[in-house]
Number of protein chains: 2
Amino acid sequence: MPTPPLTVDAIVATSRALLVEGGADAVVVREVARRLGVTAPALYRHVSGRDDLLTLLITACTDEVTDACEDALETCRPDDVEGRIRAATLAFRAWALDHRPEFGLVYGTPLMHYAAPVGGPTVEAGQRFGGLFGSLFVEALAAGRLRVVDDDQLSPGVRASLLDTATRLGLPMRAGEVRPFIVGWHRMLGIVSVEVAGHLRWVFGEDASTFAHEQLEELLAELLVPAGPRAGST
Amino acid sequence: MPTPPLTVDAIVATSRALLVEGGADAVVVREVARRLGVTAPALYRHVSGRDDLLTLLITACTDEVTDACEDALETCRPDDVEGRIRAATLAFRAWALDHRPEFGLVYGTPLMHYAAPVGGPTVEAGQRFGGLFGSLFVEALAAGRLRVVDDDQLSPGVRASLLDTATRLGLPMRAGEVRPFIVGWHRMLGIVSVEVAGHLRWVFGEDASTFAHEQLEELLAELLVPAGPRAGST
DNA sequence: TTGTGCAGTGAACAGTGTTCACCCTACACT
DNA sequence: AGTGTAGGGTGAACACTGTTCACTGCACAA
């Protein structure tokens, strides 16, 4: 059987396999080529180098986790905002645990020798991901389920940054309304990062899942007001 | 002037400099040797290889951050538990921000090709660090400032792990009393990790410090009951 | 004075990312 | 049909990496 044609997709898929097997360090140009039945310089016809490979990899993974979170929304009734946020959050965590090397590449310690191209595909994919969660918080706000805070309770710098982020993402929100979104993102990423990296192993051994799960539920309870009939923001 | 004698300390110091300049990948045996005015094989008389180098590096950094937190305690009145916990927490964050590559090495995404020697110096240093914060929470408990939870409100698995951790660390606490310690560690590490990795850059630009600071204060407020005269655990 | 062992050296091996000159093949145009 | 050209592959090479090996020089003990 003739070797299949060498495509960028095949290169990314093979790189991904190496990433899974041995982490970012194991993504080795020559080994990718070897597995594709080709020599290393051939890859340079399709990919500009190892950094480009990583860019493609990060983009693909970001897209994949975004898809996973989006798919999880389908399991909820459209008017159940809390359920949707919970589903997306748990899907994010589940993807991270199922794809630890990929998660480390995207959301872990940044590689010092790699700089994502500004305005490149990675930041684009990141914006899609952010937009997904952002729109969920817009839904929550519209449903009066978001525990917002008055703008004048925020320190000026934070308020400015929050407002700027909202406009940049096209979210029709005040600073005090974006805050839960950012707090949620910050803490969710923190909780999942620590769990995935295994920094709770000395406490919970290999399985910190119930604890991490509880932490995520606690976070949701802090961000959202209970579903009571006719409940508004306090 | 004759070259100074080649010592393990000098090797670690040089490796550290490389780590700071270019991240873990930049810790390159040959370059360490070059800077010490020696050839690479010479290092193998003092250090068993690159992994050993990383072990020494991680240990040194863990010790350093522990020292920094310990020193911060000196600035507080001994009976001011909340102040002491705050000081240690902020010292941890400050060290992390001032030593991002080192922080990444110790608390970031684990390197897949490196496995810390079991029972080796890194876990020993980690236990010293954990013990420092643990004893602060023991103080808080003794002062009635800890927001504890009843043991039977915990899921069995979590309760068992918490209790086991307490006994392993020699902390005289129930599971519901260790919980704030672990929650605090988990969230503090999460908050600092995300800030140091720069995953809030899209919101706050280069300086997320006031936001992160607020998050840490919020965490403290959740862990500790206010200082009111004769205040006990609720 | 004669070991003996420690500490450093140069050479080597297998691996890495990347570039270069080259070649072959398929397709377009005259 | 004959010719030109461009894309996609090759092997060789360069400058690196971690690590090992045989070797050398030197200090110090017997």
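None of these values were measured; they are calculated from a predicted model. Proteins come first, then strands; the chains are lettered A, B, ... in the order of their sequence lines, and each starts at number 1.
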Using 4.0 Å as the upper bound for N to carboxylate O, is an ion pair formed by B:E21 and B:R16?
-> no
Starting at CD of A:E31 and ending at P of C:dA14, how long is that distance when rounded to a whole Å?
-> 17 Å
Contact under 4.0 Å: B:T39 side-chain N or O vs C:dT9 OP1/OP2 = yes
Taken to the nearest whole Å, CG/B:L36 to P/C:dA7 is 15 Å
Examine the base of C:dG17 for any acceptor or donor lying under 3.5 Å from a partner atom in the side chain of A:R30, and report the outcome as yes or no.
-> yes
Roughly, in whole Å, what's the span from CZ in B:R50 to P in C:dT16?
-> 15 Å
Let me know the distance between CG of A:L43 and P of C:dG17, rounded to the nearest Å.
-> 10 Å
Are side-chain N/O atoms of A:S209 and A:D207 paired as donor and acceptor at under 3.5 Å?
-> yes
Does a side-chain N-to-carboxylate-O contact under 4.0 Å join B:R179 and A:E214?
-> yes
Parallel, tilted or perpendicular: which fits the ring planes of B:W202 and A:W185, with parallel below 30° and perpendicular above 60°?
-> perpendicular
With a 4.0 angstrom cut-off to heavy atoms of chain A, pull out the first and last contacting nucleotide of DNA chain D, in 5'-to-3' order.
-> D:dG8 to D:dA13
Aromatic contact, A:F129 with A:F133 (centres under 6.0 Å) = yes
Got a salt bridge between B:R128 and B:D67, using NZ or NE/NH1/NH2 to carboxylate O under 4.0 Å?
-> yes
Atom CZ of A:R34 to atom P of C:dG15: distance rounded to whole Å?
-> 8 Å
In whole angstrom, what separates A:Y44's OH from C:dT16's P?
-> 12 Å
